[in-house]
Trainee: 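One structure follows; several queries about it will come next.
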Amino acid sequence: MPRAGLTTDRLVRAGAELADEVGFDQVTVSAVARRFDVKVASLYSHLKNSQDLRTRIALLALEELADRAADALAGRAGKDALAAYADVLRDYAQRHPGRYAAARLPLDPETAAASAGVRHAQMTRALLRGYDLTEPDQTHAVRLLGSVFHGYISLELAGGFSHSAPAPEETWTWVLDRLDALLRGAPAS
């Protein structure tokens, strides 16, 4: 019988909070059980195992990011949309580093297809419509943006830019300006 007060949603949110505190790679069913001061077996009526917990945290993170990105993109186009989307990712990563890491978890094809990851892809393509790219350039641009944003954010989270000038914020703005210029001037294939 499930322990009173424990729900799958509550356990997943506790796991997400734990991920932000200690790192996504440290999240296990055992660690979440310790948070609630219950035996691990109490959680198995809600979660299959640690991989199930990690997948559910990834899905939560993707959903939270998609909701924030959709709000930020509303009514924007071109460079404004590009910067708004990028800033949402960066801000989320800084506020929720464990959840951001969770959002990068590889998902099986069926889970991925049903996740908010699909919304991210749609929003990225929507913001790229402001740059009038045709295929395959649009797909290349989606991959470029994902690589640049994730690469920069990961390096920044790891402290890679904290030891020299200019400030990371200045470089972030520079990167967004250059991406915008590249996308505006990209020749058709």
Side-chain angles (χ1 to χ4, degrees), residues 7-21 23-29 32 46-78 80-131 133-158 172 175-176 179-180 183:
T7 64
T8 303
D9 183 61
R10 190 166 175 219
L11 295 171
V12 170
R13 291 190 180 282
E17 290 169 11
L18 184 63
D20 289 338
E21 294 167 15
F24 182 60
D25 57 337
Q26 300 299 310
V27 176
T28 63
V29 171
V32 173
H46 303 285
L47 302 165
K48 294 177 193 168
N49 51 38
S50 289
Q51 185 58 39
D52 180 38
L53 173 63
R54 293 167 56 81
T55 298
R56 289 172 184 271
I57 294 168
L59 295 172
L60 171 68
L62 287 168
E63 189 73 32
E64 289 175 343
L65 266 168
D67 290 345
R68 285 174 170 90
D71 288 345
L73 286 171
R76 296 175 191 245
D80 287 341
L82 177 72
Y85 186 73
D87 288 345
V88 163
L89 296 176
R90 185 172 177 236
D91 180 66
Y92 188 82
Q94 290 170 345
R95 292 175 190 263
H96 302 289
R99 293 178 203 210
Y100 181 78
R104 316 262 50 91
L105 181 72
L107 302 172
D108 66 77
E110 185 178 324
T111 303
S115 77
V118 174
R119 287 176 57 204
H120 288 277
Q122 292 168 339
M123 284 185 277
T124 304
R125 288 189 181 276
L127 79 84
L128 286 171
R129 280 197 290 272
Y131 292 101
L133 298 174
T134 58
E135 286 298 343
D137 290 339
Q138 189 179 83
T139 297
H140 296 317
V142 168
R143 293 173 181 171
L144 171 70
L145 295 179
S147 299
V148 171
F149 297 158
H150 178 63
Y152 190 94
I153 289 166
S154 297
L155 289 169
E156 185 177 28
L157 286 175
W172 182 250
V175 166
L176 295 176
L179 285 171
D180 174 65
L183 294 169

Trainee: Does Lys48 form a side chain to side chain contact (heavy atoms under 4.5 Å, CB included) with Val29? I'd like the steps, not just the answer.
Mentor: CA-CA 9 Å; Lys48 294 177 193 168; Val29 171; over 6 Å; no
Trainee: At what distance, to the nearest 0.5 angstrom, does OG1 of Thr111 lie from CG of Leu62?
Mentor: 11.0 Å
Trainee: Going by an N to O cut-off under 4.0 Å, is there a salt bridge joining Glu63 and Arg13?
Mentor: no
Trainee: Give, for atom CG of Leu107 and atom CG of Leu59, the distance between the pair rounded to the nearest 0.5 Å.
Mentor: 6.0 Å
Trainee: Against Val148, only a single residue in Val175, Leu176, Ile153 fulfils side-chain contact (heavy atoms from CB on, under 4.5 Å); can you say which?
Mentor: Val175
Trainee: Short question: side chain of Arg54, backbone of Phe24 - any donor-acceptor pair under 3.5 Å?
Mentor: yes
Trainee: Give me the one residue out of Thr139, Asp137, Leu179 that meets side-chain contact (heavy atoms from CB on, under 4.5 Å) with Leu144.
Mentor: Leu179
Trainee: So, do Arg76 and Leu127 sit near enough that their side-chain heavy atoms are less than 4.5 Å apart?
Mentor: no
Trainee: Before you tell me yes or no, could you show the steps for Arg90 and Tyr152 under side chain to side chain contact (heavy atoms under 4.5 Å, CB included), namely the whole-Å CA-CA distance, both residues' side-chain angles and the distance that decides it to 0.1 Å?
Mentor: CA-CA 9 Å; Arg90 185 172 177 236; Tyr152 190 94; 4.3 Å; yes
Trainee: Using a 4.5 Å cut-off on heavy atoms from C-beta on, say whether the side chain of Leu53 contacts that of Thr28.
Mentor: no
Trainee: Check the pair Leu145, Leu183 against side chain to side chain contact (heavy atoms under 4.5 Å, CB included), reporting the backbone distance first and the verdict last.
Mentor: CA-CA 10 Å; Leu145 295 179; Leu183 294 169; 4.2 Å; yes
Trainee: Shortest non-hydrogen contact from Leu157 to Gln94?
Mentor: CD2-CA, 4.2 Å
Trainee: Rounded to the nearest 0.5 Å, how far does NE2 of His96 lie from CD of Glu17?
Mentor: 9.5 Å
Trainee: Can you name the nearest heavy-atom pair linking Ala72 to Val88, along with the distance?
Mentor: CB-CG2, 3.4 Å
Trainee: Crowded around Arg143 CZ? As in, over 12 foreign heavy atoms under 6.0 Å?
Mentor: no
Trainee: Rounded to the nearest 0.5 Å, what separation is found between the CZ atom of Arg99 and the CG atom of Leu60?
Mentor: 5.5 Å
Trainee: Between CG of Leu128 and CZ of Arg125, what distance do you get to the nearest 0.5 Å?
Mentor: 8.0 Å
Trainee: Taking atom types as modelled and ignoring hydrogens, do the side chains of Asp20 and Tyr100 form a donor-acceptor contact shorter than 3.5 angstrom?
Mentor: no
Trainee: Closest heavy-atom contact between Ala112 and Val118?
Mentor: O-CG2, 3.7 Å
Trainee: To the nearest 0.5 Å, how far apart are CZ in Arg10 and NE2 in His46?
Mentor: 10.0 Å
Trainee: Could you pull out the closest heavy-atom pair between Ala58 and Ala102, with the gap in Å?
Mentor: CB-O, 3.1 Å
Trainee: Are Leu82 and Tyr131 packed together at the side-chain level, in the sense that at least one heavy-atom pair is separated by less than 4.5 angstrom?
Mentor: yes
